Amino acid sequence: MRTVRLSQTISPFGVGAIVDVMGESLMGVDISEWPYERTVRVESKRLEERLGVHELRSPPSVPARPSINSPGIPYQRFPRWLFCQDCRRMHHYRAQQETGEAPQCGQCRGKLVPMRFIAVCATRGHVRDVPWDKWAHSAPESDSQQRCQDHMLVFDTAVRGNEGLSGLVVRCLTCGAYRNLGDLPARGALSRIGIACTGGQPWQRNSPPCDQPLEMLQRGATNVTLADTTTALDIPEPAGSARDIAAEVRQHRNFEDVCSAPHGPRASVLVGLIAEDLGIDERQVRQALDGDPNEVLREMRRGLLSDEWDAFLEATGSTDEPVGTPDFVISATELRRLGADTSVVTEQLSGLVDAVVLAHRLREIRVLHGFRRYTADADLVDVNLGRRGRGRWLPAVESFGEGIFVSLNQERLTEWEQEEMVRVRAAVLEDRRRRSIMGSRLFEATPRAVLLHTLAHIVMRRLAFSCGYSSASLRERVYAETTPRSEAGFLIYTAAGDAEGTLGGLVREGEAPRLARTLVAAIEEAGWCSADPLCRESRGQGLNSLNRAACHGCSLVAETSCERSNVLLDRVLVVGDDKTPGFFQPVLETIRAETVARSRYLADE
């Protein structure tokens with residue numbers, strides 16, 4: 001019995017992902033292998049309809065010290081090629097040898113640990129073990145080595161002690177054949193010795209053949225499994241919401257059968273059945289079938305965010321009066337206290353910030369659709385690789401927490417977006433996004449989106465000093481769509497798996513006048529980075545140069561906190577420079593002027 005946290009079964013240790021547990025390497029199998037009767041229903045009608053699924057279900061939670069009878073989800077040992085830390089003997093550990101205990105060497109009883117490399121299909125997401133017996137015999141020096149059948153392998157270091165992978169050798173004790181690992185990462189290394197993709201995942205049997213090339217990866221590499229998830233807040237059902245035909249089609253029980261063979265002999269019959277059941281035209285069913293799956297997901301996620309934006313704005317008309325549902329309790333507040341003496345800085349800040357909403361209780365739901373391997377534009381592997389015996393469902397987990405929602409003044413923001421240098425600076429990032437390998441997974445880099453994303457980061461960094469939660473516990477949600485409605489805000493929140501939620505520290509920081517002080521401090525800190533002038537004047541930083549003036553000293557946050565991979569950030573759009581006006585540049589200039597005046601006053605005293 002091995003354990004992981006419930007939230008980790010979605011990401012990073014969900015279906016198709018490798019988890020290291022006490023030196024063992026295990027991979028999560030798809031949900032067709034899960035004990036369905038022991039999973040728990042996660043209620044969210046809005047999210048189910050948007051995703052086009054019958055239901056969402058969470059893995060069973062177990063005690064901290066589970067027994068052999070505790071419910072759980074299956075993981076399979078991968079890779080199955082292991083080697084002994086003591087005698088270096090290699091073993092291909094089969095499923096029939098599993099006893100529930102950590103494997104031991106049959107020769108010296110030493111501990112067996114997994115080999116470092118695995119083979120990944122870079123296009124379709126398949127994965128397999130490296131056949132080390134074939135690798136060791138791929139450069140034979142004699143006929144006996146070529147005909148060797150009784151393989152006894154050891155994983156050792158080269159005699160000459162070369163550095164790097166060329167210093168590691170897989171050797172056959174039976175015939176003496178050997179080969180080092182120096183050529184292993186080279187493109188097409190396995191194809192050249194006749195090793196092909198198995199066409200499936202390690203737990204699958206009799207998978208159809210795949211003709212795509214294999215690439216080598218270390219089993220701990222981040223691109224072994226790129227989880228594709230959707231996160232949404234549990235909000236009240238939108239009043240008078242329009243019917244989502246595409247979602248209803250995707251949720252239909254016959255949709256998966258049509259997708260598997262859209263031009264097959266049964267397709268027209270099944271399309272007609274779907275149209276008849278839903279009372280729609282067959283053309284609408286075909287449109288849902290022919291749509292790009294990635295674009296469908298992007299549109300669905302945009303719709304979820306738009307619904308949340310509307311839900312937060314509903315609270316602005318009832319200051320200090322909580323509204324919502326038991327799992328979505330929000331109330332509007334002021335950035336500054338009415339009637340209290342405020343500084344010029346706070347007055348300027350109030351003109352740029354439109355509304356502040358406190359989320360006293362939130363329910364967050366994270367859903368796993370599937371995963372990709374090697375690159376972000378590879379084919380999506382579904383979380384369910386088995387036969388569809390019941391209505392389609394997806395794995396999900398729920399968390400409870402609190403947060404602060406801030407929206408910017410739309411009129412002032414629109415004026416700022418029209419500045420030529422603002423548009424030019426954002427256009428550079430947008431051009432790089434389109435050419436990036438992960439561009440399809442990122443938002444369009446408009447001035448508004450980059451500004452809000454960067455502002456959320458610098459505010460998160462500042463809140464970590466005072467809210468009582470670690471910086472890695474805070475998360476963001478950015479609302480920056482311009483069509484069909486104009487959105488300009490962000491939510492900073494924290495969520496935990498405990499049903500009681502969190503303790504109120506973040507909401508307390510959102511009350512007046514604390515939030516104003518936090519925003520002022522965040523803007524002041526963003527005005528100067530410890531890496532300046534290199535950071536401020538940088539032409540490109542981060543992955544594919546998708547950041548401008550943003551580094552670990554000023555704008556980057558924990559990977560778990562950012563919903564957009566810590567890219568498309570630029571604090572110059574927040575605080576400005578000699579060429580580009582920042583949205584909060586007037587505030588920063590006033591802060592500096594007041595600081596200088598105060599210093600002079602103290603000097604005169």
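These numbers were taken from a predicted model, which means no experiment stands behind them.
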Peer 1: Can a donor-acceptor pair be found between the side chains of R179 and S138 at a distance below 3.5 Å?
Peer 2: yes
Peer 1: Any non-hydrogen side-chain atom of L153 less than 4.5 Å from a side-chain atom of D133?
Peer 2: yes
Peer 1: Apply salt bridge (Lys or Arg N to Asp or Glu O under 4.0 Å) to residues R80 and E98 and explain how you reach the verdict.
Peer 2: CA-CA 11 Å; R80 288 202 171 275; E98 296 287 356; 3.5 Å; yes
Peer 1: Does any part of the side chain of H457, heavy atoms only, come nearer than 4.5 Å to the side chain of S561, both counted from C-beta?
Peer 2: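 No - every pair of side-chain heavy atoms lies 4.5 Å or more apart.
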Peer 1: What is the distance from atom CG of L190 to atom CZ of R128, rounded to the nearest 0.5 Å?
Peer 2: 7.5 Å
Peer 1: Would you indicate whether the side-chain heavy atoms of W34 and P395 approach each other to under 4.5 Å?
Peer 2: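 A side-chain contact under 4.5 Å exists here.
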Peer 1: Looking at R461 and C554, would you say the former's side chain and the latter's main chain have a donor-acceptor pair under 3.5 Å?
Peer 2: yes
Peer 1: Is W132 close to F155 at the side-chain level, that is, under 4.5 Å between some pair of heavy atoms?
Peer 2: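 No. Closest side-chain heavy atoms not under 4.5 Å.
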Peer 1: Under 3.5 Å, is there a donor-acceptor pair linking the side chains of T494 and R475?
Peer 2: no
Peer 1: I'd like to know if the side chain of N566 reaches the main chain of V557, judged simply by a donor and an acceptor atom lying under 3.5 Å from each other, with no hydrogens or angles considered.
Peer 2: yes
Peer 1: Which residues pass the side-chain contact (heavy atoms from CB on, under 4.5 Å) test with V154, not counting sequence neighbours?
Peer 2: R89, R171, L173
Peer 1: Flag the pair Y374 / L217 as yes when at least one side-chain heavy-atom distance between them is below 4.5 Å, and no otherwise.
Peer 2: yes
Peer 1: Any side-chain heavy atom of L82 sitting closer than 4.5 Å to one from P103?
Peer 2: yes
Peer 1: Does R77 pair with D129 as a salt bridge, N-O distance under 4.0 Å?
Peer 2: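 No, no charged N to carboxylate O under 4.0 Å.
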Peer 1: Indicate yes or no: at least one non-hydrogen side-chain atom of R301 is less than 4.5 angstrom from one of E563.
Peer 2: no
Peer 1: If you compare all heavy atoms of R564 against all heavy atoms of E476, which two are closest, and at what distance to 0.1 Å?
Peer 2: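 So the minimum-distance heavy-atom pair works out to N-OE2, 4.2 Å.
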Peer 1: Is a salt bridge present between R41 and E48, judged by a nitrogen-to-oxygen distance below 4.0 Å?
Peer 2: yes
Peer 1: State whether a side-chain donor-acceptor pair under 3.5 Å links H369 with T230.
Peer 2: yes
